[in-house]
Asks: 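Sharing a structure with you now.
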There are 2 protein chains.
Amino acid sequence: MRLRLATWNINSVRLRLDLVERFVRAEKPDVLCLQEIKCQEDQFPRAALEALGFPHIAVCGQKGYHGVATLSRIPFKRADRRDLCGRGQARYLAVALDGAAPGRKPLSCHNVYVPAGGDIPDPAINDKFQHKLDFLDAMTAWFGGYRAKGKNRMILVGDLNVAPLPTDVWSHKQLLKVVSHTPPETSRLEQVRAAHDWIDVMRRHVSPEQKLFTWWSYRNRDWRASNRGRRLDHVWATPALDGAAVAMRVLDQTRDWPRTSDHVPVIADFEID
Amino acid sequence: MRLRLATWNINSVRLRLDLVERFVRAEKPDVLCLQEIKCQEDQFPRAALEALGFPHIAVCGQKGYHGVATLSRIPFKRADRRDLCGRGQARYLAVALDGAAPGRKPLSCHNVYVPAGGDIPDPAINDKFQHKLDFLDAMTAWFGGYRAKGKNRMILVGDLNVAPLPTDVWSHKQLLKVVSHTPPETSRLEQVRAAHDWIDVMRRHVSPEQKLFTWWSYRNRDWRASNRGRRLDHVWATPALDGAAVAMRVLDQTRDWPRTSDHVPVIADFEID
DNA sequence: GCAGTAGTAG
DNA sequence: CTACTACTGC
């Protein structure tokens with residue numbers, strides 16, 4: 001079957017429910033992973049999103065900040081909300097997409113929101129940066145520990161808050177000392193990736209020599225003209241899914257929608273057997 | 001000449017500039033008195049309101065709260081910002097409308113925002129209520145002291161935050177202990193009125209037996225059905241203008257406008273010679 | 001710049 | 001319910 005998966009840091013799902021609806025009606029993803037929902041589970045607009053065609057919804061939320069949710073047209077089980085580095089924050093939600101290929105090999109979807117890391121890239125004086133590095137290390141440990149890692153069919157999506165490649169930022173040189181593109185972050189993200197042999201699906205579809213962004217700050221008034229973006233949102237897949245990712249698109253037109261998120265959605269189409 | 005004067009507690013002029021424009025284009029007042037502009041003078045949208053046909057603008061503002069402004073199509077002079085009871089708040093602005101009848105008898109317009117008074121109608125335990133009573137007494141002293149009071153042509157408008165008559169509230173009985181309609185307030189407002197022989201222009205046009213409201217709380221979701229309003233906004237004139245107020249209207253349709261103020265405008269037409 | 005929080009004010 | 005003040009976070 002064809003599976004369309006989308007990820008979007010929505011920056012408050014309650015405030016942008018109308019934009020989620022607009023996006024879903026236009027693109028019809030089968031699975032939609034949201035980050036920064038900024039609400040508790042009981043405040044999540046579940047009914048409206050069910051009505052939009054997602055009967056299966058899992059929410060991992062907290063008050064005011066962070067929070068992730070996975071919406072699905074197809075059934076899933078074992079929604080796993082996990083506090084990966086023990087700070088009591090809602091940043092990781094995994095579901096087993098058993099409805100994607102009933103009776104066949106399992107497929108799981110891991111929705112992640114990595115800490116942004118604050119302003120100063122020094123863990124000694126900025127605990128938020130320390131937390132970000134710790135969280136990335138915890139991801140390495142958690143996913144590295146998955147059994148039979150080479151055979152598992154897994155998709156990891158979300159706002160990883162790191163732009164790993166020089167072409168993932170508008171200026172590699174200017175951003176080397178800016179949180180999201182510093183060597184301690186990019187090297188740790190590479191450790192996360194390598195520990196599980198993750199494939200960077202977006203870069204399978206867009207050459208690493210080409211600039212590719214998913215986030216533009218609200219502070220740039222003309223985001224498209226200045227184009228000071230970063231690729232903070234990612235779609236990864238395990239080697240068992242290599243070749244299954246048949247298409248990928250970054251929906252940057254949503255960045256012009258009224259009162260939108262500073263992140264744009266990323267869509268990946270998988271051909272699952 | 002015919003002079004159309006309007007008063008409106010706008011509850012943030014910056015947030016509702018579009019509504020002011022809509023009102024002005026529809027009703028074309030010559031003088032518009034705003035209360036609760038909620039900004040300092042340098043934040044006031046002067047250019048936009050000049051472009052709307054008010055070349056003469058006086059602002060008496062403070063940061064965040066209160067504040068009054070008088071906009072005029074016709075020239076005025078001597079804008080008098082006055083702290084009537086010495087608490088450093090922006091609540092009173094008078095202008096001399098010499099352009100209304102050039103070379104003739106003077107005409108002045110006094111724009112007032114009386115303190116709301118808090119929740120508990122007891123000056124001993126609620127200083128905001130004390131302030132309201134003090135402010136009303138200060139108005140009595142200030143206007144009572146105007147020279148040749150019987151001959152002066154003066155108009156006083158604004159949000160006086162008192163509903164003096166039983167028909168100025170939706171339930172006289174239920175509101176007798178609610179700030180805005182308690183005896184200490186209504187008796188003090190009557191002292192203000194009597195000390196200068198002010199005429200209650202609105203009640204010259206609508207019988208005191210008829211309910212008449214200018215404010216409906218945001219908390220009533222269906223304001224028109226429940227109609228739990230109060231007459232907090234007023235238009236007064238000195239006896240020298242008796243008979244000059246040829247028409248009066250309460251613009252309650254604006255209460256249905258999107259994101260509107262909880263107060264509606266009051267328009268009074270004067271035939272000035 | 002634009003979310004959320006809390007408190008104050010109306 | 002809807003303004004404002006601030007603060008925090010991204």
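Everything numeric in this text was worked out from a predicted model, so none of it was measured. Each chain gets a letter, A, B and so on, in the order its sequence line appears, and its residues count up from 1.
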Asks: Looking at the side chain of B:Tyr218, which of D:dT2, C:dG4, C:dA6 is the nearest nucleotide?
Replies: D:dT2
Asks: When you get a sec, tell me which of D:dC1, D:dG9, D:dA3 is the closest nucleotide to the side chain of B:Arg219?
Replies: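 So the side chain of B:Arg219 is nearest to D:dC1.
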Asks: Checking only heavy atoms, does the side chain of B:Arg259 share a donor-acceptor pair with the base of D:dC1 at less than 3.5 Å?
Replies: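 No, the side chain and the base share no sub-3.5 Å donor-acceptor pair.
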Asks: Figure out the NE2/P separation between A:His66 and D:dC10, and round it to whole Å.
Replies: 5 Å
Asks: B:His181 has an atom NE2; how far is it from atom C1' of C:dG10, in whole Å?
Replies: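 The answer, rounded to whole Å, is 19 Å.
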Asks: What class does the angle between the rings of A:His66 and A:Tyr113 fall in, given that below 30° is parallel, 30 to 60° is tilted and above 60° is perpendicular?
Replies: tilted
Asks: Tell me: CD of B:Gln35 to P of D:dA3, nearest whole Å?
Replies: 17 Å
Asks: Return no unless some side-chain N or O of A:Ser12 is found under 4.0 Å from OP1 or OP2 of C:dG4.
Replies: yes
Asks: Of all the choices, C:dA3, D:dC10, D:dA3, which nucleotide is nearest to the side chain of B:Lys38 once you look at every atom?
Replies: D:dA3
Asks: Mind telling me whether B:Tyr92 and B:Trp142 have parallel, tilted or perpendicular rings, with 30° and 60° as the class edges?
Replies: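 Ring orientation, 0 to 90° scale: perpendicular.
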Asks: Could you work out which one of D:dA3, D:dC10, C:dG10 sits closest to the side chain of B:Ala116?
Replies: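 Closest of the options to the side chain of B:Ala116: C:dG10.
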Asks: Kindly compute the distance separating CG (A:Leu175) from OG (A:Ser180), expressed to the nearest 0.5 Å.
Replies: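 It is 6.0 Å, given to the nearest 0.5 Å.
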Asks: OP1 or OP2 of C:dA6 less than 4.0 angstrom from a side-chain nitrogen or oxygen of A:Lys63, does that happen here?
Replies: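 So the side chain of A:Lys63 is within the cut-off, an N or O lying under 4.0 Å from OP1 or OP2 of C:dA6.
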Asks: Let me spell it out: for each of A:Gly64 and A:Asn220, pick the nucleotide of DNA chain C with the closest heavy atom. Which residue's pick is nearer the 5' end?
Replies: A:Asn220
Asks: Less than 6.0 angstrom from the centroid, inside 45 degrees of the normal: does A:Arg193 satisfy that with respect to the ring of A:Trp198?
Replies: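 No, a cation-pi geometry is absent between A:Arg193 and A:Trp198.
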Asks: For A:Asn126 and D:dT8, what is the distance between atoms CG and P respectively, to the nearest whole Å?
Replies: 14 Å
Asks: Would you kindly give the CH2-to-P distance between A:Trp215 and C:dA3, to the nearest whole Å?
Replies: 15 Å
Asks: Using atom CZ of B:Arg87 as one end and atom P of C:dA9 as the other, report the distance to the nearest whole Å.
Replies: 12 Å
Asks: If you check the A:Arg16 side chain, which of C:dA3, D:dC4, C:dG10 turns out closest?
Replies: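 Ranking C:dA3, D:dC4, C:dG10 by closest atom to the A:Arg16 side chain puts C:dA3 first.
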Asks: Look at all strands and tell whether A:His263 reaches a base, only sugar-phosphate, or nothing, counting heavy atoms closer than 4.0 Å.
Replies: nothing
Asks: Between B:Asp262 and B:Arg255, does a side chain to side chain contact (heavy atoms under 4.5 Å, CB included) hold up when you go through it step by step?
Replies: CA-CA 7 Å; B:Asp262 44 354; B:Arg255 192 63 181 74; 4.3 Å; yes
Asks: Among C:dG4, C:dA9, D:dC1, find the nucleotide with the atom closest to the side chain of B:Tyr65.
Replies: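 The answer is C:dA9, which lies nearest to the side chain.
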Asks: How many Å lie between OH on B:Tyr113 and P on D:dC4, as a whole number?
Replies: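 Rounded to the whole Å, the gap is 13 Å.
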Asks: Starting at atom CG of B:Asp159, determine the distance to atom P of D:dA3, rounded to an integer number of angstrom.
Replies: 17 Å
